[in-house]
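Naming: A, B, ... by sequence-line order, numbering from 1 per chain.
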Amino acid sequence: MGEPVRSDRAGELRASDAGREVRLAGWVASRRDLGGVVFLVLRDASGEAQVVVDPQAVPAAGEVAKDLRDEYCITVSGTVRPRPDGTVNPGMATGEIEVAAADVRVLSPSDPLPFQIDDRADVDEVRRLQWRYLDLRRPRMKANLIARSRAVSAMRRSMEGQGFLEVETPTLIRSTPEGARDMLVPSRLRAGSFYALPQSPQLFKQLLMIGGVERYYQIARCYRDEDFRSDRQLEFAQLDLEGAFWGRDDVLATLESVMVEVARELRGVELSTPFPRLTYREAMARYGTDKPDVRLGMEICDLGGAFAGTGFKAFAGVLDAGGVVRGINAGPLGMGRSGLDALGDLAKGAGAKGLAWLVVEDDGSLRSPIAKFLGDDEAAAVKEAMGAGPGDTLLLVADTPEIAAPALDRVRRHLGEPDDPDELAFLWVIDFPVFEKAPDGSLAPAHHPFTSPHDVDEMGSDPEHALSHAYDLVLNGSELGSGSVRIHDPEVQRRVFEILGISDEEAESRFGWFLEALRYGTPPHAGFAVGIDRLVSILQGEPNIREVIPFPKTQTGADPLTKAPTPVAADQLAELGLEAAGEDADGVAGGDGAAGEGGGASAG
RNA sequence: GGGGGCGUGGUGAAGUCUGGAGUUCACGCCGGCCUGUCAAGCCGGAGGUCGCGGGUUCAAAUCCCGUCGUCCCCGCCA
């Protein structure tokens, strides 16, 4: 077996190889048996090449070829030759040549396939995941795997070129019950205690800054035990980075250079930098969201001025109560009553009491259920404020800012469509508030407690308006990642905990090890993390991140291929000092996979 | 926790609203023919618990209830 299985890669053969003896290996992509001659398309990772088997000339090869089926793994020895006149296939990279087979051998036969390898049919995703190894042979997944590899490679190239050190951090870490639910791992050596899988390497990368690394990056696997979305899995990958003696603009510039590199690699485009920056406040005012898709147009207008002193009681009441009237010019929708009602339902789903619509008629008058309540001046002011012309549909929400903004965002995203689907609209959202205001008016921390506030005094005295040095990177309406300038002063860190309602004692018991670290000459530092799955899925035009993950899980956290998760044997649990709760308490791995209610495990 | 879509031979779809024999289309599979095909072509064939359970009905893929799976969304994701 000293002889190599193959001499050449199928997809790389060209006319200049004519006359060469080659040995190929790969899979049977198709077989066209014309009786007197058999054409095979042999596919390997490099591409495809046509093989011709002539049973008259080579009877043994003819016998083998007759029994080949799709996806048999084979080797073919033969001679590369130009195709006869009129049979060149210009749609194929190797279409000028074919390999005249002298010998065909089956390395490994294939059962009939559960679905076809070509892209003809949109196979049910569970089917694809159940036979993911076959799905990976299909063009779509193959292209996505390659794209992901190239994206990560571009990131590494960019980081290395800028002097960053790649450092790995642990994936079995201390649980910090903040933010998302932790994925827990029981400890056998300390029964009853648990590790957590990292939601991010946050504190470790800060320790690396204290450790003098100065420029750190990592392709980090992160875990968050929250419900799935099209852009969320239990585990995901981030480009995580941090720099010492850095401020915000160093971070943004570095990330921009990484994005330029990745976009060049995957899209062959040159992004223009710097990316636009919006403050959080601007983003909310103009788009009603902290991750605006600026490709959609239809910016939100504030109509408080136009309706000041209005006689329309619904609006006047909202304005008097400190609320807002805002709207978007949806352009020439040409929508009937039912369509407009559906938009209204969308707005109501976001908490709005309703969505008022006004259509500008050709003569400039307004057709609307509320038209009769509006004076001529008001109508003119509204049209003026929204830049409305004949045919335009104007959609208005009157409510508190916390409700009006997201409601209009939903309507806007529902209606909007980018002019150019290939456009990449990167932008930064900066100056996030320290606290986010929920629709019910309550305040909740918007970021992790190691984020530096603009002013810690203000954070205490005016929490509603206090800003932090936190920023997000947004691409086409998706949050790609976020970062911040970190607190490096232990006293500031202590006060931030205090304001967040974490007592000195609690902070000491949970983060004492980190607070101590801050006391040993911590450099100012800042950093960021980019969601790799999201970035690659958007650049690849994929609708969800599962398409760029080789072995993803379904929405209920199941892997249709391996059937994970499963119950485990009682003795396996006993060793960990655990007792399973739920119906499958004494189930074993490989059972029917029905997870017990609660599914949890308690320390025993 | 909540809202919505989907589930029909191996695959994809139509049929479901308006109940009437597992009907149809494409691909695949099996067999045969075929010496220049290109997701070959032609002829023949096999293949089904219409996700599962219950109900209504003379009769259910179709209507009703429940349940499972999956996808999208809200909540959640500091």
Chemist: Base, sugar-phosphate or nothing for A/D227? Non-hydrogen atoms, less than 4.0 Å.
Modeler: base
Chemist: Compare the minimum distances between each of B/rU70, B/rC76, B/rC77 and the side chain of A/T556, then state the nucleotide with the smallest one.
Modeler: B/rU70
Chemist: When every nucleotide of nucleotides 27-33 of chain B is labelled 5' to 3' by its protein contacts under 4.0 Å (heavy atoms), B for base, S for sugar-phosphate only, - for none, what sequence of letters results?
Modeler: BSSSS--
Chemist: Considering residues at least two apart in sequence or located in another chain, which fulfil the salt bridge (charged side-chain N to carboxylate O under 4.0 Å, His left out) criterion with A/K553?
Modeler: A/E235
Chemist: Output a table of nitrogen or oxygen pairs between the protein and nucleotides 3-6 of chain B separated by less than 3.5 Å.
Modeler:
none

Chemist: So which of residues 78-86 of chain A are in contact with RNA chain B, with a heavy-atom cut-off of under 4.0 Å?
Modeler: A/R81, A/R83, A/P84
Chemist: Checking all strands, does A/R546 fall into the base, sugar-phosphate, or nothing category for heavy-atom contacts under 4.0 angstrom?
Modeler: sugar-phosphate
Chemist: Listed in order of residue number, which residues of residues 96-103 of chain A have a non-hydrogen atom at under 4.0 Å from RNA chain B?
Modeler: A/E98
Chemist: Tell me what A/Q56 touches on the nucleic acid: a base, only sugar-phosphate, or nothing, going by heavy atoms under 4.0 Å.
Modeler: base
Chemist: Under 4.0 Å, counting only non-hydrogen atoms across every strand here, what does A/R232 touch: a base, just sugar-phosphate, or nothing?
Modeler: base
Chemist: Just to be sure I understand the geometry, which residues of residues 472-486 of chain A put a non-hydrogen atom under 4.0 Å away from RNA chain B?
Modeler: none
Chemist: Does A/D135 pair with A/R138 as a salt bridge, N-O distance under 4.0 Å?
Modeler: yes
Chemist: Below 3.5 Å, does any donor atom in the side chain of A/R127 face an acceptor in the base of B/rG10, or the other way round?
Modeler: no
